[in-house]
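Before any comments, here is the structure.
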Amino acid sequence: MTAETNTLEEAKAVLSALKDKNDDTTDFYNNWAENYDQHVAVLDYNAPRLAATGLSSHFTGDREAALVLDVACGTGLVAKQLKEHGFKHFVGIDGSKGMLDLAKKTDLYQDLKQCMLGKEPLPVQWGLFDVVVIVGALTVNHVPFTVVRELCKAAKPGGYICLGKGNYLDSKKYTIEMELLLKQMEEEELWSCVSIDEMKNWMTSDIAEQGKEDKVSKPGTVYIYRKL
Ligand SMILES: C[S@@+](CC[C@H](N)C(=O)[O-])C[C@H]1O[C@@H](n2cnc3c(N)ncnc32)[C@H](O)[C@@H]1O
């Protein structure tokens, strides 16, 4: 077995264990943190790049001056991608100390805060951010979808809210209920929808096919809203 196959098998095993978890994932991510970047790389986790590209294609403000709130920032993969698109100022939030320690090492964030969303309020000033982004965390046993209301509150009027979500590790119920809330927030005139794009290649290896195929394209969706 090559070193790469070994890492892929290891990464699949970690994802499989994550899927089987039915409670808080903080310890899980604390333990995964050191190997997270390497594992998601062999799993072709394209989500941070896809979300950053989608957001960048719609963002019309001054990106060098823009303040970005990276929610469930993990090790910093989303900020790294947004930096490629010219964004420079980041604040990160995550529930896992292990992930935050690695995000700190990137030197991308002017501030990093530990917070368990859903249990604690989003620890930021309302109306401060030009961009609020969350990728890979709106799913069961992670960030409850009701936190989306707080993400909208954190954005400035005219600010962008970008939600990147895989469509495979999830219960359908979570996605259906989240999408109902997104619509309801439009009806409440809290935000307007900029785009909803389904992407085929969110992650191209997946545990569902473990033992059958190594590379199976799994979809995800990037939802972009603008605060009114
Ligand atoms: C799959 S990682 C995604 C990290 C990063 N956004 C990326 O795309 O690489 C999920 C992240 O969500 C964080 N997380 C899960 N549940 C959370 C919660 N309730 N509050 C805050 N962070 C949470 C985990 O600690 C982890 O860093």
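Counting starts at 1 for both ligands and their atoms, following the listed order. Everything numeric here is computed off the predicted structure, so don't read it as measured data.
- Distances from atom 25 (O) of ligand 1 to the heavy atoms of T25, D94, V40 put D94 nearest.
- Below 4.0 Å from some heavy atom of A137 lie the following atoms of ligand 1, by number and element: 12 (O).
- Using a 4.0 Å cut-off between a side-chain N of Lys or Arg and a carboxylate O of Asp or Glu, D101 and K105 do not qualify as a salt bridge.
- By the criterion of a heavy-atom distance under 4.0 Å, the side chain of L77, and not its backbone, is placed next to ligand 1.
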Practice problem: Could you please spell out the steps behind the salt bridge (Lys or Arg N to Asp or Glu O under 4.0 Å) verdict for K183 and E186? | Solution: CA-CA 5 Å; K183 259 258 150 306; E186 271 186 271; 3.5 Å; yes
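- In terms of protein heavy-atom proximity, atom 20 (N) of ligand 1 is nearest to L117 N, 2.9 Å.
- Contacts between M99 and ligand 1, counted as non-hydrogen atom pairs separated by less than 4.0 Å, involve the side chain only.
- Looking at atom 17 (C) of ligand 1, its nearest protein heavy atom turns out to be V143 CG2, 3.6 Å.
- Considering every non-hydrogen atom in both A154 and L69, the closest pair reads CB-CD2, 4.0 Å.
- Below 3.5 Å of separation, one finds an N or O of G95 facing an N or O of ligand 1.
- Applying the 6.0 Å contact sphere to CD of E10 captures more than 12 heavy atoms from other residues, nucleotides or ligands.
- Here is the list of ligand 1 atoms found below 4.0 Å of a heavy atom in P48: 8 (O).
- In this structure, G118 falls outside the shell of residues with a heavy atom less than 4.0 angstrom from ligand 1.
- The shortest contact between atom 8 (O) of ligand 1 and any protein heavy atom is with Y45 OH, 2.8 Å.
- Of all protein heavy atoms, the one lying nearest to atom 9 (O) of ligand 1 is Y36 OH, 2.8 Å.
- Distances below 4.0 Å separate heavy atoms of G74 from the following atoms of ligand 1: 4 (C), 27 (O).
- Residues Y109 and H89 keep their aromatic ring centres 6.0 Å or farther apart.
- Residue-ligand proximity, S96 to ligand 1, at heavy-atom distances under 4.0 Å covers atoms 25 (O).
- Y160 has its ring centre no less than 6.0 Å from the ring centre of Y225.
- Ligand 1 has no atom lying under 4.0 Å from any heavy atom of A47.
- Within the 4.5 Å cutoff, the side chain of M178 has heavy atoms near those of the K165 side chain.
- Atom CD of E64 has 12 or fewer heavy atoms from other residues, nucleotides or ligands within 6.0 Å.
- Of all protein heavy atoms, the one closest to atom 12 (O) of ligand 1 is A72 CB, 3.5 Å.
- Ligand 1 lies within reach of C115, whose nearest heavy atom is under 4.0 Å from it.
- In terms of modelled atom types and a separation under 3.5 Å, the side chain of K227 and the main chain of C152 share a donor-acceptor contact.
- Put simply, V148 and W126 are part of the same group of oily side chains (I, L, V, M, F, W, Y) that touch within less than 4.5 Å, one to the next.
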